[in-house]
Amino acid sequence: MDVYLNRTLELGQKVPYGASDFRLQVSQHTYHVGNPGRSGASFPVKLKAAVYCGETEVLNLVAEVQPATKAQDMGYLFKYQAGIGPHEPDHILAYMGSNPQADPVGELTFTAVGAYLQDEDVQVAYEHQRRGIATAMYQQAEALTGKQFLSRAGDVLTVDGAAFWACADRPFGVDALYSQPRRLLWINLADLMAAPLKDLPKVVFDADRFTRSATGQRCIEMANSGGGPRMGLQEARTRGLVARGHDGLVESFVNDPHAAPKLMRNVQCSSQPPALALCNARGLPDNTVAPPLALLTEESREEVLHFIGRYLHALADLNALDVLHPMIRTLSRQRTVHHERGDPDSIERALEVRRVQCISVMTDMLEKEAEFRASKM
């Protein structure tokens, strides 16, 4: 990712005017941004640049919109299979559904040639063609290796193969002749999600635990005192809970089946204990509450931990980006006030330290939950 200090960027341009101040290896992950116009919809993006305005002290991230993977939306799964020997090709296998015993419906064979990838063969079963499976396999290979395929446009190919590589919107491969500049957009750090919106775990609070907690008891006292019943019940509503009782008195809280769902988008590893950062069904950040894992129901907690296990490194990179703004602001002030460039390596070191800390925190969460479940068996 490029970093530009005290610059502006017009959307649609590949890079800002002039050379970047320095480059950072922030993340190779594909993140997702919610589409506010469609509930439950999101689209994939890759981070391209961070642009800092020294006058307003605002840091903007520039993302490149990636084409959505149609095959994954249709239920296809992909598996990487390494070559048996050092000179054997690797494979990406495509399956319909999650049955590991099923025969693959598609296969991509490829090798690494220097800094690039080279495809040797790609096959998709006839009845599964035209569903984006081949495209998804190429994308999977590039995501796993961090390398790109060299263009096959101009090679002697089949008619289908030539059309496949000559597609102007092809979301993989290095091809200066046919590829078009992808759409760029401004995003905020809080907008980024480690997975598609539909895959984010739903956060459900444990109503009994909340009732017994100090916060829950305070809400009950406030509601029953008559001085601030609405204020007392509002904290419960932000957690998707409603009051229950008799004779006009609140006795406990239960989950509201009609409450708008809250989804987990990240883990705030800097807080103690670690808290969950939430978003709503449209992918917009929800800052009304940041719960620790212990306040969730057992089922919700299990779903959250499974998600952390799958996206551990992507989540750690999101946490590492939290340190980017203050570090760049410091560098900007060194340049403008003290007339010195500062040390950009300090940002890379800070990012790496934060990344390691976050991986440690989230791994500890997974281990503690495993120990807790083992003790109950």
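In this text, all values refer to a predicted model and were calculated from it rather than measured experimentally. Throughout, residue positions are numbered sequentially from 1 according to the sequence presented.
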Flag for [Y]-[X]: side-chain donor and acceptor within less than 3.5 Å:
| X | Y | result |
| --- | --- | --- |
| Tyr4 | Asp21 | no |
| Asn266 | Gln268 | no |
| His128 | Tyr76 | yes |

Could you measure the distance from the CG atom of Asn224 to the CG atom of Leu249? Nearest 0.5 Å is fine.
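The distance works out to 5.0 Å.
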
What's the spacing between Glu298 CD and Asp206 CG if we round to 0.5 Å?
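Here the interatomic distance stands at 9.5 Å.
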
Show me the pairs that pass side chain to side chain donor-acceptor pair (under 3.5 Å) and involve residues 357-366, at least two apart or across chains.
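Side chain to side chain donor-acceptor pair (under 3.5 Å) check on residues 357-366 returns Asp364-Lys368.
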
Got a sec, which residues hit side-chain contact (heavy atoms from CB on, under 4.5 Å) with Pro326, two or more places apart in sequence or on another chain?
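Residues passing side-chain contact (heavy atoms from CB on, under 4.5 Å) with Pro326: Arg329.
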
Partners meeting salt bridge (charged side-chain N to carboxylate O under 4.0 Å, His left out) with Arg209 (sequence neighbours left out):
none

Hey, are [X] and [Y] close enough for a salt bridge, meaning a charged N less than 4.0 Å from a carboxylate O?
| X | Y | answer |
| --- | --- | --- |
| Arg333 | Glu57 | yes |
| Lys48 | Asp2 | no |
| Lys147 | Glu142 | no |
| Arg349 | Glu352 | no |

Looking at Asn6, Ile347, Leu24, Val51, which hits side-chain contact (heavy atoms from CB on, under 4.5 Å) with Ile328?
Ile347

Using the side-chain hydrogen bond (donor to acceptor under 3.5 Å, both in side chains) rule, take Asp119 and Thr109 through it: C-alpha gap first, then chi angles, then the decisive distance, then the call.
CA-CA 6 Å; Asp119 58 333; Thr109 305; over 6 Å; no

Should the pair Phe110 and Tyr80 be assigned to parallel (<30°), tilted (30 to 60°) or perpendicular (>60°) ring geometry?
tilted

Do Phe210 and Phe253 have ring centroids that are under 6.0 Å from one another?
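Centroid separation for Phe253 and Phe210: below 6.0 Å.
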
